[in-house]
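Encoded as structure tokens, the structure appears first; notes follow it.
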Protein chains: 2
Amino acid sequence: MPHRHDLNPRVSVDNVILGFDDENLNVLLIGRSLADGKMDDVLALPGDLIYENENLDMAAQRVLHELTGLTNLFLQQAGAFGDPDRLSKPKDRAWLKTVRQEPEVRVITIAYFTLINMHEFAPQPASFAQSVQWVPIQDIGDLAFDHNQILKTCLSRLQETIAIKPVGFNLLPTKFTLGQLHKLYEAILEKPLDKRNFRRKIQKLGILTHLDEKQAGVPHKPSRFYKFNEIKYRELAETGFDNFGF
Amino acid sequence: MPHRHDLNPRVSVDNVILGFDDENLNVLLIGRSLADGKMDDVLALPGDLIYENENLDMAAQRVLHELTGLTNLFLQQAGAFGDPDRLSKPKDRAWLKTVRQEPEVRVITIAYFTLINMHEFAPQPASFAQSVQWVPIQDIGDLAFDHNQILKTCLSRLQETIAIKPVGFNLLPTKFTLGQLHKLYEAILEKPLDKRNFRRKIQKLGILTHLDEKQAGVPHKPSRFYKFNEIKYRELAETGFDNFGF
DNA sequence: CCAAAAGTGTTGAAGTTACACCCATGC
DNA sequence: GCATGGGTGTAACTTCAACACTTTTGG
């Protein structure tokens, strides 16, 4: 019988941690080191087996915390992935042998995604990660396991979500410009959005408060800074935009 | 090491199977019999542990098939549920002892929902179910495990989905009236919809073809029958309605 | 003739799209 | 003065919400 603080060998969580650098979406990926100390050349989403005494959300928060030092963030479940062969690529199996007690066991993973401000933390190696790096989304090649599929699903879910709720704000610094927000939406939705229409629409939501402060040191007309009206923001995040079809 | 056709003792699937009787949404629930042969008075969603050699979708299809005889249905994953105490209610534990080799093991479950035509099959007891019944959604009381929570999540997901894709058509017979479809949407969304606006909108989607046939034997003006334009239907189901906010 | 659901159009309000120019700043 | 992104309004169009009466049938 398993003890409560044991690892559950069959279930893991994987996190798609997204950051924004005013231009592109980036994903936080980890590198793996092999038995001989060399680095694997395949990157992976950060993830870990769950403990017997923690629920899935807690496990995802734990992984996020170990990697970023951040706690209590918005973290949305995107689905479960459990094809029997998801751990069967040779490089993945080699790596599993170095870190898992039972490397051959089939593992079902629950995928989460979150949005964080790229500049508010320094990624640090964690128990499950020898190296950590931000990778622009369009530069991501073959990932470990089924992580390309997981990433794709999470991005779709994010696109659906952002159309209904004011998500994505966690990606920005506390003071930000409408230009940044605009580029963020374009990056997430992967399509250009008309500037004037975007501004009108986003302001009508009533979740932005403008500050008196302006940008300084920019070689163009300085932009006004905005912050969120937290209260309205939370309200809207719960009810959604009512952007429904019926 | 587990054999490929063994059960995975830690991971299950649970299905929310929805049917429509022209009035209410119904959920297919199973009754459980205890060690002494008596029936438990708590109903449950149909579900089962997964096998080592099947993926999650296949496991959900298997549960659905064993119960309904139906194969290859639209089945959407709604999320993973894995609180450590989700199996800890006394009645649930008593039942688990009668059916599981390792009744104390923590099980993470993946929830799916599907929509089927209530009249096109006869529910039959399955290996995991001693009795099967349709229960109107508003009459559902306390369910086993965390099944009330799972049901709630699935219904929300269905509401979100139906606003974006033409789901829900599987719930109806192949020939149906706009009145039936209208009531179905009201049942799923739990709110009244204006008749004229609904008809206009649903017809503009271009997925309905009207037949020359009409209702007979009804004590009111007979309604025209419609069927789906499968091709358009599939197209729309993939792309969605473009009902998005940005 | 009564009950019951089918079927049908219009209007005003709101929202969406598309589009072009001037502004403030650093260099 | 030039390059850069900031900031703004309008008109045509589409969509949405609200609303009431006539039709066909069975009984």
Side-chain angles (χ1 to χ4, degrees), chain A residues 20-24 162-164 166 172-173 175-187 189 191-227 236 239-246, chain B residues 20-24 162-164 166 172-173 175-187 189 191-206 208-227 236 240-246:
Chain A
F20 185 61
D21 61 5
D22 285 2
E23 202 60 43
N24 298 305
I162 206 173
I164 291 177
L172 295 174
K175 290 187 293 190
F176 56 88
T177 69
L178 291 184
Q180 288 177 294
L181 194 55
H182 183 200
K183 285 207 209 106
L184 170 60
Y185 269 68
E186 291 188 325
L189 294 172
K191 68 180 183 191
L193 300 170
D194 180 84
K195 182 164 58 161
R196 280 176 285 195
N197 295 338
F198 175 80
R199 287 168 167 248
R200 213 191 340 265
K201 184 154 191 173
I202 205 84
Q203 297 201 73
K204 194 153 33 127
L205 297 178
I207 56 179
L208 299 181
T209 317
H210 63 78
L211 308 174
D212 291 332
E213 204 177 341
K214 287 185 177 176
Q215 280 181 316
V218 288
H220 56 74
K221 181 172 174 178
S223 175
R224 200 162 204 176
F225 280 119
Y226 287 79
K227 65 170 184 172
L236 204 55
T239 61
F241 291 163
D242 229 36
N243 233 334
F244 285 127
F246 288 95
Chain B
F20 184 60
D21 60 6
D22 285 0
E23 202 58 45
N24 297 304
I162 206 174
I164 291 177
L172 295 174
K175 289 187 291 189
F176 55 88
T177 69
L178 290 185
Q180 288 177 295
L181 194 56
H182 183 200
K183 286 206 209 107
L184 170 60
Y185 269 68
E186 292 188 325
L189 294 172
K191 67 180 183 192
L193 300 170
D194 181 84
K195 182 165 57 160
R196 279 175 285 195
N197 295 337
F198 174 80
R199 286 168 167 248
R200 212 188 344 263
K201 183 154 192 173
I202 204 86
Q203 296 201 73
K204 195 153 33 125
L205 297 178
L208 299 182
T209 315
H210 63 77
L211 307 173
D212 291 331
E213 205 178 342
K214 287 186 178 177
Q215 279 181 316
V218 288
H220 55 73
K221 182 172 175 179
S223 173
R224 198 162 205 175
F225 280 118
Y226 287 78
K227 65 169 183 172
L236 205 55
F241 292 162
D242 231 36
N243 233 335
F244 285 128
F246 289 95

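Order of the sequence lines fixes the chain letters, A, B, ..., with proteins taken first and strands second; residue numbering starts at 1 for each chain.
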Over how many whole Å does the gap from [X] atom [atom1] to [N] atom [atom2] extend?
X	N	atom1	atom2	answer
B/Leu193	D/dT15	CG	P	19 Å
B/His220	D/dG26	NE2	P	10 Å
B/Gln203	C/dA6	CD	P	13 Å
A/Asp22	D/dG5	CG	P	12 Å
A/Ile202	C/dG15	CD1	P	15 Å
A/Phe225	C/dA24	CZ	P	18 Å
A/Leu178	D/dG5	CG	P	16 Å
B/Phe198	D/dA17	CZ	P	14 Å

Spacing of [atom1] belonging to [X] relative to [atom2] belonging to [Y], to within rounding of 0.5 Å:
X	Y	atom1	atom2	value
A/Asp194	A/His182	CG	NE2	7.0 Å
B/Phe198	B/Leu178	CZ	CG	7.5 Å
B/Lys183	B/Asp21	NZ	CG	9.5 Å

Which atom pairs, one a donor and one an acceptor, fall under 3.5 Å between side chains of residues 215-227 of chain B and the rest of the protein, sequence neighbours left out?
unit_1   : atom_1 : unit_2   : atom_2 : d
B/Gln215 : OE1    : B/Ser223 : N      : 2.9
B/Arg224 : NE     : B/His210 : ND1    : 3.3
B/Arg224 : NH2    : B/His210 : ND1    : 3.1

May I ask you to verify whether the side chain of B/Asp194 and the base of D/dA17 hold a donor-acceptor pair under 3.5 Å?
no
What I want to check is whether an N or O donor and acceptor connect the side chain of A/Arg196 with the base of C/dA20 at under 3.5 Å.
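It does, because a donor-acceptor pair links the side chain of A/Arg196 to the base of C/dA20 below 3.5 Å.
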Taking only N and O in the side chain of [X], is any of them less than 4.0 Å away from OP1 or OP2 of [N]?
X	N	answer
A/Lys201	C/dG15	no
A/Lys195	D/dG6	no
A/Ser223	D/dG7	yes

Measuring from the side chain of B/Asn197 (C-beta onward, heavy atoms only), which nucleotide among C/dT16, D/dG26, C/dG9 has the closest atom?
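Among the listed nucleotides, the one closest to the side chain of B/Asn197 is C/dG9.
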Residues forming a salt bridge (charged side-chain N to carboxylate O under 4.0 Å, His left out) with B/Glu213, sequence neighbours excluded:
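Counting only residues at least two positions away or on another chain, B/Glu213 forms a salt bridge (charged side-chain N to carboxylate O under 4.0 Å, His left out) with B/Lys175.
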Of B/Arg200 and B/Lys221, the one whose closest DNA chain C nucleotide lies more 5':
B/Lys221
Using the closest heavy atom to pick a nucleotide of DNA chain C for each, name whichever of A/Val218 or B/Thr177 lands nearer the 5' end.
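It is B/Thr177, whose closest nucleotide lies nearer the 5' terminus.
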Considering every strand and a 4.0 Å limit on heavy-atom distances, what is the contact class for B/Arg199: base, sugar-phosphate, or nothing?
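Base contact - B/Arg199 has a heavy atom under 4.0 Å of at least one base atom.
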